[in-house]
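Let me begin by presenting the structure, written as structure tokens, before commenting on it.
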Amino acid sequence: MQLSVWTYEGPPHVGAMRVATAMEGMHYVLHAPQGDTYADLLFTMIERRGKRPPVTYTTFQARDLGKDTAQLFQDAARDAMERFQPQAMMVGASCTAELIQDDPAGMAEAMRLPCPVIPLELPSYQRKENWGAAESFYQIVRTLADTDITPQDQAGRRPLANILGPTALGFRHRDDLVEIRKILDTLGVDVNLVAPLGATPQDITRIGAADFNIVLYPEIGDEAARWLEKTFKQPAIRTVPIGVGATREFITEIAELASVAPAPALGDTASRMPWWSRSVDSTYLTGKRVFIFGDATHAVAAARIASEELGFEVCGLGCYNREFARDVRAAAKKYGVEPLITDDHMVVEDAIAAACPELVLGTQMERHIAKRLGVACAVISSPVHVQDFPARHSPQMGFEGANVIFDSWVHPLVMGLEEHLLTMFRDDFEFSDEAGPSHHAAHSPRKAQGESEAQADVAVLEPLGDASGGGWTDEAERELKKIPFFVRGKARRNTEAFAAEHGRREIDLATLYDAKAHYAR
């Protein structure tokens, strides 16, 4: 564990809290010191939920460490039971409380509470948030599922499916579910239950009644799905329907598994993405360099959409959740890039700066990085900020999700006509590099007072530091300015590296052209 200003994932008890908050009739008693209640803010301020999470904290203080902290936990659990009367209760410890080894699971069992208790052993110093959510959901399913409930004979009824994985604080989970339910309804498939989001402990007992499972978010639902597959012989659909191609595959797989006709769902004409991405107005998309980073599921899906459906060039691909690193490595090999598996945002920033992309697809961390570098950005994955929980319907999955993705990714880019006009009028004060394109206004390159334009280029577009090349002639600087601002930093670095390698102390027009020819090979 290392200290960091930003973190992609919280400790595992935050993942458990996401599961508890998503469910109805569930309560989570968390053995935690005063101060760990900060997690409430994630739901009330970022997700804008209308009520606080169903979590009771023991909130012990420093002076309590010399007393019986176990009694504090028992009192908190008993009070929560009387006040909230949940159908089931989760119990566990935060990363700080884990150090005092009070064993909340054993204490809760000894109390013999009048409801099922799900004990959580979440190693806070080895695992993180997504793993904590997956483990919590798995333990809930394993504890509450009634093994006597199995699918009924399919004759004369519609197929039944469970949808697994949506949680509280999930990136567009609420809206994705709307689109998935539409697809299933069109196919003639009924939903047995959605879990954790909106499910009660009583609902979980009948999870075995479904014919198959749909794992929408593998980071959360896959562990439980594997147990259900083993216990109830329920097959699982693991294709994540993000993008037109993946949505069509998703529909085909469900139709085959449920023995229904896929044509009604495949004939959906709501997706404008295929036509718009092929239209003449979108030819400026072709070859745009895109850097992708996020959770593995969304990052891999984004890479496929970028490459196969929008004609982008994937110049970087990575994820922060190491449990799914294998999927990202396989995708990176397909697109010919080096996979980036890290939870250090500074490493990600260095990689983005080195790749010089024209678009960054990432989390809220990459949004900040892209702003600082003056690069277009769209958010595709958690962790996210409040603006990524819009009031409007804004899914990522299904055909409508593909429309949302098209708009979200394409609109931040410099369009062909705008690029042409910026070049034509670059000497006009309104269209100069310092003004930046209109949709980049919030993070246009700015130069400090008294700083030259060349220095501003280096400061904003070259965060890796000054190259070792020599000085630039005025003529070469003027020629460099003709290169679009969003790739000029790379052109400058390449030219200075070329000059240093060939021993040219001064970078003149000839050196600039020679470097261009060298790197164009």
Side-chain angles (χ1 to χ4, degrees), residues 1-2 4 7-23 26-43 53-60 69-70 72-74 76-77 80 86 88-111 113 116-144 164-165 167-170 195-197 201 204 217-227 295 320-324 343 382-383:
M1 177 177 285
Q2 70 179 48
S4 179
T7 180
Y8 288 98
E9 295 183 87
H13 74 266
V14 173
M17 192 179 300
R18 288 176 56 189
V19 171
T21 304
M23 297 183 67
M26 178 68 77
H27 201 82
Y28 184 21
V29 178
L30 185 62
H31 199 27
Q34 188 177 38
D36 272 6
T37 54
Y38 71 91
D40 281 11
L41 300 178
L42 297 174
F43 303 93
V55 181
T56 293
Y57 302 88
T58 56
T59 57
F60 59 84
T69 52
L72 284 176
F73 174 84
Q74 291 176 318
M89 182 179 287
M90 300 160 56
V91 298
S94 72
C95 45
T96 311
E98 184 182 330
L99 299 174
I100 62 177
Q101 301 180 334
D102 272 339
D103 186 23
M107 288 187 290
E109 184 178 0
M111 293 174 66
L113 295 170
V117 174
I118 298 97
L120 301 177
E121 298 290 342
L122 305 177
S124 300
Y125 298 95
Q126 289 82 39
R127 299 288 189 167
K128 293 195 174 183
E129 179 181 329
N130 277 333
W131 182 89
E135 176 68 12
S136 299
F137 183 47
Y138 162 68
Q139 293 295 346
I140 288 170
V141 170
R142 184 173 178 177
T143 301
L144 300 179
L164 308 180
T167 66
L169 210 66
L197 190 61
I204 300 294
Y217 307 100
E219 283 85 355
I220 310 297
D222 196 54
E223 187 177 0
R226 289 199 305 270
W227 184 82
D295 69 53
Y320 55 78
N321 47 340
R322 298 177 184 275
E323 293 87 354
F324 289 81
D343 57 3
S382 294

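From a predicted model like this one, the values you see are computed outputs, not experimental measurements. Every heavy atom of this structure was used, including side-chain atoms; hydrogens, water molecules and symmetry mates were not.
With contacts defined as side-chain heavy-atom distances shorter than 4.5 Å, the pair P116/L144 qualifies. Residues I140 and V19 have side chains in contact (heavy-atom distance under 4.5 Å, counting atoms from C-beta outward). Two residues are said to be in side-chain contact when any heavy atoms from C-beta on lie closer than 4.5 Å; M26 and P86 fail this criterion. A heavy-atom distance below 4.5 Å is found between the side chains of Y28 and H13.
Distance check: L197 CG to Y217 OH gives 9.0 Å after rounding to the nearest 0.5 Å. The distance from the CH2 atom of W131 to the CG atom of L122 is 5.5 Å, given to the nearest 0.5 Å. In this structure, OG on S136 lies 11.0 Å from CE on M23, to the nearest 0.5 angstrom. Atoms CD1 and CE, on I118 and M90 in that order, are 7.0 Å from each other to the nearest 0.5 Å. Taking CG of L164 as the start and CD1 of I220 as the end, the distance is 11.5 Å to the nearest 0.5 Å. Taking CZ of R142 as the reference point, atom CD of E135 lies at 9.5 Å (rounded to 0.5 Å).
The minimum heavy-atom distance between F73 and M107, with the atom names listed, is CD2-CE, 3.6 Å. The minimum heavy-atom distance linking L30 with A93 is given by the pair CD1-C, 3.6 Å. Nearest heavy-atom pair across A80 and V29 is CB-CG2, 4.1 Å. What you find for P104 and V91 is that their closest heavy atoms are O-CG2, 4.1 Å. When every heavy atom of A168 is checked against every heavy atom of F43, the shortest pair comes out as CB-CE2, 3.7 Å. Closest non-hydrogen pair, P218 versus F324, comes out as O-CZ, 3.5 Å.
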Can R18 and L42 be said to form a side chain to side chain contact (heavy atoms under 4.5 Å, CB included), step by step? CA-CA 9 Å; R18 288 176 56 189; L42 297 174; over 6 Å; no
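Remark: E9 pairs with K128, E129, N130, Y320, N321 by the side chain to side chain contact (heavy atoms under 4.5 Å, CB included) rule, at least two apart or across chains.
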